[in-house]
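Quick caveat: nothing in here was measured; it's all calculated off a predicted structure.
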Amino acid sequence: MPKAYDPKKVEDKWYQFWLKKNYFRAEVDHNKKPFTIIMPPTNITGELHVGHGLTMTLEDIMIRWHRMKGEPTLWLPGFDHAGIATQVVVERVLASEGTDRHKLGRKKFEERVWQWARDYLKTIREQKQKLGCSADWSRERFTMDEGPSKSVRTAFVNLYDKGLIYKGERIINWCPRCLTAISDLEVDHKDLTGNLWYVRYPYEDGSGYITVATTRPETILGDTAVAVNPDDERYKDVIGKKVILPAVKRVIPIIADEAVSLEFGTGAVKVTPAHDPVDFEIAQRHHLPLIQILNDNASMNGNAGPYKGLDRFACRKAIVADLERDSLLVKIEPYSHAVGHCQRCGTIVEPLASKQWFVTMKPLAQPAIEAVRDGRIIIVPERFNKIYFQWMENIRDWCISRQLWWGHRIPVWYCKDCGKLTVAVEPTTKCQHCQSKNIEQDPDVLDTWFSSALWTHSTLGWPDDTTDMRYFYPSTVMETGYDILFFWVARMIMMGLEDTGNIPFQTVYLHGLVRDEKGEKMSKTRGNVRDPIDIAAEFGTDAMRCAFLTGLAPGADSKLTDVKLENGRNFANKLWNATRFVVKGIPDGKIDLTIKYGSLPTEDRWILSRLNRTIAKVNKMMDDFQLGEALKDIYEFLWSEYCDWYIEMAKTRLRPEYKGTSPLPVLIHVLETSLRLLHPFMPFVTEELWQNLKYRLPAGWRTTDSIMVADYPVADEKAFDDSAEQVMTSIIEIVRAIRNARSENKVAPNRWVTAEIYGGGLAPAIIPYTEAMQTLARAKPLTFHETRLKGTVTENAVVSVLTETDVVIPIASMVDMAAEKERLQKEIGQLEADITRLETRLKDESFLGKAPAAVVNKEKERLAERKDRLARLKQQAGF
RNA sequence: GGGCGGUUAGCUCAGCUGGUUAGAGCACCUGCUUUACACGCAGGGGGUCAGAGGUUCGAAUCCUCUACUGCCCA
């Protein structure tokens with residue numbers, strides 16, 4: 001084995017091995033409960049980013065863990081056609097080629113996008129594999145595949161038949177760049193500083209003006225009324241009067257409506273029903289006409305009179321100039337307000353009245369609220385419940401039609417003869433009502449999230465009654481980012497319940513955003529994006545997976561830093577070298593790996609005890625989705641206990657002259673078990689090392705061909721050994737005390753010191769470790785006393801009073817007695833403070849009365865221990 | 001405007017349902033070619049857990065308020 005771990009040499013090799021062995025494939029076993037994760041479908045808009053890296057890591061860990069626990073485990077991977085997003089990127093490519101989709105035509109354009117899709121499907125799949133994903137590629141799905149597409153049409157038709165999908169004219173958000181309607185969720189509100197223009201509308205009878213305030217003067221062209229609040233004393237007498245609309249000289253009424261705020265502007269507002277949601281509702285109540293003033297691209301249309309053809313913002317300028325000229329502009333105030341932007345392209349969206357398809361959400365939301373409220377679905381972390389409920393309880397109808405070419409075509413055909421609609425799952429050529437062939441399919445496609453909402457069941461075969469659907473639905477965990485809780489998770493719950501009558505998943509695990517070193521969001525415009533594939537190449541995939549988990553709490557944003565990556569890499573290398581050491585100790589030929597439990601030395605019982613406690617803790621943490629904490633425990637066990645102490649102590653036992661129990665069986669057992677414990681987190685290095693061990697050990701040592709299908713460790717409580725832990729703690733304390741004394745007294749590293757150890761009752765247990773302690777502390781000879789130190793040691797000695805033992809190091813070389821006194825004084829002060837605190841607590845009647853007996857006893861023991869130590873310290877140090 | 005987080009060592013963060021002497025990594029300081037590992041080893045310094053009040057025998061942990069900060073919704 002080389003000196004350092006080189007991930008490049010092993011990762012591909014093992015991934016191909018796993019693939020060839022078909023380990024990723026989920027098999028139905030009706031005797032067992034499956035564990036299922038449906039992978040969030042990856043957008044085909046581009047390559048993977050670090051957010052995907054986190055998702056893949058978290059899900060792969062859960063999947064590998066459950067697979068090793070012996071559960072039939074399905075991780076179903078897939079892709080999302082990402083309607084608008086993909087169309088935007090492909091259009092950009094077309095633009096760079098000097099063409100556009102209209103020149104190409106719909107059919108050619110769709111072919112072009114399919115080509116793009118096929119390319120990215122392949123690239124992204126390979127990237128996921130690079131990251132170690134143990135997904136079932138045989139079940140991979142794409143939202144545009146025939147199966148999921150049929151699910152989409154079926155779900156649409158079902159909702160339509162139930163009256164939950166309707167087509168109607170409503171105010172929607174229009175993106176003038178993407179030329180499509182978008183849902184409320186796809187609009188980002190940003191506060192912009194604009195102006196509030198106060199404009200005079202002259203009364204028709206010439207009796208003066210009413211002044212209205214607006215942030216969008218160009219919409220004056222679409223006004224069909226002026227409204228005031230019915231309770232507004234200022235305007236009581238003008239209700240019912242008529243005013244002349246500036247710029248276009250149309251005569252419109254002044255009406256009263258509750259929706260008008262008394263505080264905004266002058267209290268009188270202009271009503272533009274075709275371009276404002278509140279105004280639209282006012283218009284409905286007062287039967288006002290709608291006047292559209294915008295073309296699709298947000299230039300002014302024929303209703304704009306003289307402003308026709310101007311862009312909306314040019315028009316705004318022109319109108320303001322004209323108002324000023326006509327002395328109709330009272331004043332301009334700076335005004336900051338939220339302006340909607342298209343999430344995809346950043347263009348300011350226009351609210352406008354348009355005929356679109358909508359889903360009635362309230363009846364779908366109710367059962368989805370109940371599913372979370374009654375605990376059938378658990379959201380981790382819990383605080384997202386509140387956010388979920390709040391959104392669901394105020395849910396509004398969902399605009400699902402998009403004026404795009406890329407996506408699922410709406411399964412509705414219009415009859416040009418009888419005018420009726422045919423809504424059908426299977427494409428049709430004739431009208432259901434009059435059999436006419438003169439029909440035309442709705443040109444629009446569905447919101448990409450409509451198909452995403454069905455993902456948990458469309459991927460398993462719904463609406464067909466498939467084996468997978470019966471066995472794997474509902475899935476166990478839905479792991480995704482909190483940023484798409486509304487977009488996706490909420491809608492999956494609603495549609496899952498609606499389509500199947502059952503929840504789509506039992507637990508929702510939400511992760512946060514991965515940010516850069518400075519805590520900034522990664523984005524192309526900031527230029528701080530990191531490609532997970534590059535990172536994996538530089539540090540190793542396992543190191544990257546570690547980095548994602550360090551300091552990760554569910555639902556919290558995290559930073560990906562080089563320091564974390566280096567740590568992960570170092571840990572992999574540490575493991576590599578620990579294994580190298582163990583492997584070096586394995587003799588050629590016969591080796592007996594039986595652990596003789598009856599006669600194990602203390603450090604063996606200690607490391608086995610620590611191992612099993614770690615296993616117990618890790619399994620508990622995994623159950624609670626505390627993946628980061630679980631990894632941390634394994635890391636600390638392996639590094640600080642196994643490597644730092646157990647291996648170091650084993651070294652003396654591996655010397656040829658050593659005649660006692662060989663440490664090899666335990667050394668190997670603990671390492672091998674730890675590798676299995678760690679495998680879900682660091683699949684590549686653990687497989688490589690496990691195979692290395694397997695190769696050198698007798699045939700039949702392990703029955704599986706790969707660590708990834710070996711058993712996940714289960715804690716053996718019989719291995720918990722308090723007394724071994726107590727003895728080892730003392731041994732570690734003694735070694736540390738001597739090292740510490742050496743260091744503080746600047747003893748040359750190669751110089752041997754001597755020490756006397758007063759072990760009391762523990763002495764017999766410690767004495768067998770003389771040689772190990774000598775080596776570890778570079779102290780020889782060590783003299784043991786089966787008593788506690790009595791009397792005073794005054795001269796030329798460093799005294800360390802430990803929990804169970806005392807160490808006295810008499811050395812002429814430790815000259816700095818003043819420093820030593822100071823250290824002792826500090827320690828005494830610390831102990832005295834502890835004692836005071838403990839005594840106060842133990843005198844407190846309410847503490848004694850109310851605290852559990854175990855806590856009181858613990859405090860008593862602690863006090864006794866401190867007092868004992870203080871007494872010894874004072875006595876021995878001669879204070 | 002409504003809601004949800006965060007504030008713990010110089011930096012980045014753990015610390016889950018209240019009960020250790022509050023931890024880790026990095027950084028810093030002092031040493032080290034100790035035959036697995038300098039991607040390493042040994043030792044060390046560093047925190048009144050944002051502030052105030054409250055509940056409790058006991059609070060980093062629960063409650064209230066304040067300050068700063070981030071996000072979501074409207």
Nearest whole Å is fine: how far is [N] [atom2] from [X] [atom1]?
{"X": "Lys617(A)", "N": "A24(B)", "atom1": "NZ", "atom2": "P", "value": "13 Å"}
{"X": "Lys386(A)", "N": "C73(B)", "atom1": "NZ", "atom2": "C1'", "value": "14 Å"}
{"X": "Asp188(A)", "N": "C72(B)", "atom1": "CG", "atom2": "P", "value": "8 Å"}
{"X": "Leu838(A)", "N": "U20(B)", "atom1": "CG", "atom2": "C1'", "value": "11 Å"}
{"X": "Leu560(A)", "N": "C13(B)", "atom1": "CG", "atom2": "P", "value": "12 Å"}
{"X": "Asp562(A)", "N": "A27(B)", "atom1": "CG", "atom2": "P", "value": "12 Å"}
{"X": "Ile387(A)", "N": "C71(B)", "atom1": "CD1", "atom2": "C1'", "value": "9 Å"}
{"X": "Ile484(A)", "N": "C71(B)", "atom1": "CD1", "atom2": "C1'", "value": "16 Å"}

Who does [N] pair with, Watson-Crick or G-U, both distances under 3.5 Å?
{"N": "C68(B)", "answer": "G6(B)"}
{"N": "U12(B)", "answer": "A24(B)"}
{"N": "A42(B)", "answer": "U30(B)"}
{"N": "A60(B)", "answer": "none"}

Practice problem: Tell me whether the guanidinium CZ or amine NZ of Arg373(A) lies under 6.0 angstrom from the six-membered ring centre of Phe389(A) and within 45° of its axis. | Solution: yes
Quiz item: Is Lys574(A) positioned over the aromatic face of Tyr635(A), cation under 6.0 angstrom from the ring centre and no more than 45 degrees off axis?
Solution: no
Quiz prompt | Of Leu667(A), Val670(A), Asn692(A), the residue whose pairing with Val582(A) passes side chain to side chain contact (heavy atoms under 4.5 Å, CB included) | solution = Leu667(A)
Report which part of the nucleic acid [X] touches: base, sugar-phosphate, or nothing (heavy-atom distance under 4.0 Å, all strands).
{"X": "Arg383(A)", "value": "sugar-phosphate"}
{"X": "Lys632(A)", "value": "base"}
{"X": "Ile647(A)", "value": "base"}
{"X": "Glu648(A)", "value": "base"}
{"X": "Glu859(A)", "value": "nothing"}
{"X": "Asp483(A)", "value": "nothing"}
{"X": "Val855(A)", "value": "base"}

For [X] and [N], is the shortest distance between a side-chain N/O and OP1 or OP2 below 4.0 Å?
{"X": "Asn740(A)", "N": "G44(B)", "answer": "yes"}
{"X": "Arg736(A)", "N": "G43(B)", "answer": "yes"}
{"X": "Trp645(A)", "N": "A42(B)", "answer": "no"}
{"X": "Asn577(A)", "N": "C39(B)", "answer": "no"}

Looking at the side chain of [X], which of [options] is the nearest nucleotide?
{"X": "Arg862(A)", "options": "A36(B), A74(B), U20(B)", "value": "U20(B)"}
{"X": "Ala851(A)", "options": "G3(B), G19(B), C41(B)", "value": "G19(B)"}
{"X": "Arg580(A)", "options": "A36(B), G40(B), A24(B)", "value": "A36(B)"}
{"X": "Asp624(A)", "options": "C16(B), G40(B), C39(B)", "value": "C16(B)"}
{"X": "Val563(A)", "options": "C37(B), C26(B), C16(B)", "value": "C26(B)"}
{"X": "His189(A)", "options": "A74(B), G25(B), C16(B)", "value": "A74(B)"}

Quiz item: With the sugar-phosphate defined as primed atoms, P, OP1 and OP2, and the base as all remaining atoms, what B/S/- string results for nucleotides 28-35 of chain B, 5' to 3', for protein heavy atoms under 4.0 Å?
Solution: ---SS--S
Quiz item: Judged by modelled atom types alone, do Asp184(A) and Trp398(A) share a side-chain donor-acceptor pair under 3.5 Å?
Solution: no
Quiz item: Looking only at side chains, do Glu479(A) and His511(A) share a donor and an acceptor under 3.5 Å apart?
Solution: yes
Quiz item: Any donor-acceptor pair under 3.5 Å joining the side chain of Lys3(A) to the base of C37(B)?
Solution: no
Quiz item: Below 4.0 angstrom, N of the basic side chain to O of the carboxylate: do Glu861(A) and Lys858(A) qualify?
Solution: no
Quiz item: Charged N to carboxylate O under 4.0 angstrom, Arg653(A) versus Glu603(A)?
Solution: yes
Self-check item: Main-chain N/O of Ala547(A) paired to Thr550(A) side chain as donor or acceptor, under 3.5 Å
Solution: yes
Exercise. Drop me the distance from Phe720(A)'s CZ to Leu611(A)'s CG, to the nearest 0.5 angstrom.
Key: 9.5 Å
